There are 2 protein chains.
Amino acid sequence: MKAATIRDVAERAGVSVASVSRVLTGAGVVAEPTRSKVLEAVEALSYVPHSGARSLSTSRTDVIGVILPDLFGEFFSELIRGMDVACRAQGRHLIVSSSHDDAANAAAAIRSMRGRVDGLIVLSPHLDSGELTSSLSGRLPVLLMNGGDLDGQQPSMAVDNTGGARVAVEHLFSLGRRRIAHVGGPTGNLEARQRKQGYLDAVASAGAQPMLAQGEFTQASGFAAAARLLASDQRPDAIFAGNDAMAVGVLLAIQEAGLRCPEDIAVVGFDDVPIAELVRPGLTTLHIDIAGMGRRAVERLLTEIDDAAANSPQAANDAAREIIVPRLVVRQSCGASTSTQGFSGERP
Amino acid sequence: MKAATIRDVAERAGVSVASVSRVLTGAGVVAEPTRSKVLEAVEALSYVPHSGARSLSTSRTDVIGVILPDLFGEFFSELIRGMDVACRAQGRHLIVSSSHDDAANAAAAIRSMRGRVDGLIVLSPHLDSGELTSSLSGRLPVLLMNGGDLDGQQPSMAVDNTGGARVAVEHLFSLGRRRIAHVGGPTGNLEARQRKQGYLDAVASAGAQPMLAQGEFTQASGFAAAARLLASDQRPDAIFAGNDAMAVGVLLAIQEAGLRCPEDIAVVGFDDVPIAELVRPGLTTLHIDIAGMGRRAVERLLTEIDDAAANSPQAANDAAREIIVPRLVVRQSCGASTSTQGFSGERP
DNA sequence: CCATGTCATGTAACCGATTACAGGAAGCCG
DNA sequence: CGGCTTCCTGTAATCGGTTACATGACATGG
C-alpha cells in the first residue's frame, strides 16, 4: 500500500487539493464544513505531507543543520538539547553532523548539507574556519559559534573567554594568592588562546609574573602540566586551568603530591561541566549556560533565515557578534569558603 | 541570485539534464568528455542538487531519524557520535529529536518525522513504547533500542542488563563478599528493572539474602540510598549500583561515613561512563560500547530500509532482537586488585 | 433587476530532480 | 554499401505538494 497523497485526501473529502493544502498549511481561508471534512480524511488515511514535495514548491526545508567538532560529552549533549528545544518550538528539525576535527572535514560536511537545510550553525574552534564558512556558504544563512569570525561580517556567537579568565584570576588575587599559574589548552584552539590572554591580562594588571604550562584540554594533560608546575622551584599558590577537565587533572596531581587544595594551592577551572561540583573539593569555575546558548543560536539563525527570505536589507543588523558572559561559580577549590559543604549534587 | 538548477548546469555544459543527472547519481553510463564537461559546470555554478526534488522523484530522503529520551550526557553524545559516523559512511544524514521523557511526547516527535525520514531509531525506556511505535509507524522502518519490544516483531537492539548485573554480583561473591546490596533505578524504567532482576538472580543462586534500596539513576539518589544502607544494622559489605552515576554517589556516601572502599565496602556500577575511571577508587563497572551500538543500530536500520524498498519477504529475518553483552571492567572499587595505580586517565 | 463586490473553492502551472523510452551516431560484418 | 548492434544522449512524463488566478454562488445597493 502506497502512502496517501494530497489527491487521495482531496478525493476522500470530496474537495480539491487546494482546499486540503489550505487546511494543512493554515494559509488562506476555508469554510468550517470543508475544514472538518479534510481533517477527517487526513485522519482516516493517516496522511502525512511529503516533505520533499513541499520543500520543492516552497523552497524551504524547515530543517537546520549543525556542524560540530569533536566535543566533550557534556558540552555536546547540553548544546544539542538546547537547540532541539528551540527547533521543536518553531516546528523545525535538527540535522547534526559531529566529530569534525579539522577544517577539511567540516567543509565536506557543510557541502553535503547544502540544499537540504535552510541554514547552518557551525561550531568551529579552528582559526581558519571563518573564511572557510563564508567561502562555502554561497547564500546559505550561517551562524558561527565560538569561531574566529575573522571578517566580522558573519553573524556569530561566542563565549567571552578572555573576560571570564580575567574574572577567575582576579578572584584568586582578591583571595590573597600571588603566584598564580595557568595551564593552557592546545595552541591551535582559539578558545584556549583567549583564556590564556585573559590570564595574562589579569596577571599584568596585578603586576605579577605569569607562570605558564601547556595542556591539551584533557584531564591527563592537566595532571602532567600541574606535576611540572609543582616541581618547579617557585611553586605556585594557585592554578587557573583552561577548562574543567584539566582542572580535575590538576586536583589529582596536587593530591598525589601530598599537597592540599585549597590550603596549599587553589584551583579554578572553566566551563562548569557537571563533574565540577562533584569532585572533592568542589571546583570553582566559570559557568556557561550551554543549553541556553544552543537555544539562542537557533533563534538567531531563524531570524537570519527569515531576513534572507524577505530579502530585507537590514540583514546587516543581525550580522552582529553576540557575547556570552560566563559567571564565576565559587566552590571550595579556590579557598574562598572554608566551610565544608555536605553532598547535595542533585543532577536532573 | 537564485541557486543553480540541473537545467542551468545542463545548459552551461551543453548537454541534457539527463546526462547531468547520470553523472551526479552515478547511474547509467556517460562518455568521458561529457562527464568532465558536466563536472566542470557543476563546479563553476557551485551546483548542489535540490534534496526535496530528488526525494520527490526517488521517494527516498537519505535521512534517518533518532528519537531520544532525556539521557545522561556521556551516553547521549557517544551514541550520536556512533550513529553519525555510520551515517556519514553511508551518505545518510541524521535528524535528531531528544528529551522525550514520556510516551506522548515521543509519539508527537515520531509523527512529525514521518515523511521526512527513511527510517527511525527509537530509544524508549518506557515499557509501553513497543506498541506505541508499531501503532504509529505505519510502514516506516523502525529500529527499537533498549525498549520493551513487547510483540517481539520489531527489529530491536538491547543491552543484556540482566546478564550484566548477574556478572557484576557474581564477581563480588567470588571476591568473598556476602552481604551484597543493590541500589536500583526508577521503577518505571525497564533497564532498571532488568538490572535489579539480574542482581536478584545472582543473589538467589548464591543462597544469600537480597538487600534493596531505591534510587533514581542520579548521583544524589545513589548517595541517599547508600546512606540508608550504611545506617542499617546489617551493613552490607558490597553495593552494586544500577548505574555509574549512582555508584559515584555511593562512593561519596561511604567516604562521608568514614568507611573505606573497597576495604570495608566494595562498589560496582554499570555503564562505564568516562568518569568511572577517574574517580578514586576507580570504579569497577560494566562497560558498554555505546558508539558501537549507535553504529550498529544505523547499519541494521539501513538494511531494514533496503529490504522494505525491495519489498523482500525475508524482512522477517531482520526482525530479530540483537543483544549487546556488557563487559566487566575491574578497577579498584571492587577490591579485586589492591595495587594502587597511578593516574593515567587519557581521554581522547 | 442588474451591476458589483465578497468569499469559498477549484483548475492548472510550477518547483527541480529522476528515468523510461526514443532516437541517432558509430562500429562491425558480410 | 546495407543492415544490425552497441552505446550514448535527449525528450518528456512523473513524483506530490503550493498557489496565482479563474470561477461561481450569493449578498448588497442603486
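Chain A is the first sequence line, chain B the second, and so forth, proteins listed ahead of strands; every chain is numbered from 1. None of these values were measured; they are calculated from a predicted model.
Map R7(B) and V20(A) each onto its nearest nucleotide of DNA chain D; the residue landing nearer the 5' end is R7(B). Mapping V17(A) and V30(A) onto DNA chain C by nearest heavy atom places V30(A) closer to the 5' end of the strand.
Out of dT18(D), dT19(D), dT11(D), the shortest distance to the side chain of A18(B) is found at dT11(D). Side-chain atoms of A31(B) lie closest to dT9(D) of the nucleotides dG10(D), dT9(D), dT18(C). Closest to the side chain of S16(A), from the set dG17(D), dG10(D), dT11(C), is dT11(C). Comparing dG10(C), dT19(D), dT9(D) by their nearest atom to the side chain of T58(A) picks out dT19(D).
Put simply, the side chain of I67(B) reaches to within 4.5 Å of the side chain of L120(B), judged on heavy atoms.
Not one side-chain nitrogen or oxygen of S57(B) sits closer than 4.0 Å to the OP1 or OP2 atom of dC15(D). Taking only side-chain nitrogens and oxygens, S19(B) comes nearer than 4.0 Å to OP1 or OP2 of dG10(D). Between S21(B) and dT18(C) there is a side-chain N or O to OP1 or OP2 distance below 4.0 Å.
Classification of E40(B) and K37(B) as a salt-bridged pair fails, no side-chain N sitting under 4.0 Å from a carboxylate O. For the pair D8(A) and R12(A), the salt-bridge criterion is not met [side-chain N within less than 4.0 Å of a carboxylate O].
Note: CD (E11(B)) to C1' (dT9(D)) measures 17 Å, nearest angstrom. When rounded to the nearest whole Å, the span between CZ of R54(B) and C1' of dG16(C) equals 11 Å. Going from atom NZ of K37(B) over to atom C1' of dG10(D) covers 13 Å, rounded to whole Å. Atom CG in D8(A) sits roughly 13 Å away from atom C1' in dC15(D) (whole-Å rounding). Atom CG in L24(A) sits about 13 Å away from atom C1' in dG16(D), given to the nearest Å. Atom pair R22(A):CZ and dT18(D):C1' shows a separation of 10 Å (rounding to whole Å applied). One atom, CD1 of I6(A), and another, C1' of dG10(C), lie 13 Å apart when rounded to the nearest Å. At whole-Å resolution of the value, NE2 in H50(B) and P in dT18(C) are 12 Å apart.
Residue T25(A) is in sugar-phosphate contact alone, with no base atom involved, counting any heavy-atom pair closer than 4.0 Å across all strands shown.
Tested against I64(B) for a side chain to side chain contact (heavy atoms under 4.5 Å, CB included), the candidates I305(B), V96(B), V117(B) yield a single pass: I305(B).
No donor-acceptor contact under 3.5 angstrom links the side chains of S98(A) and R81(B), judged on distance only.
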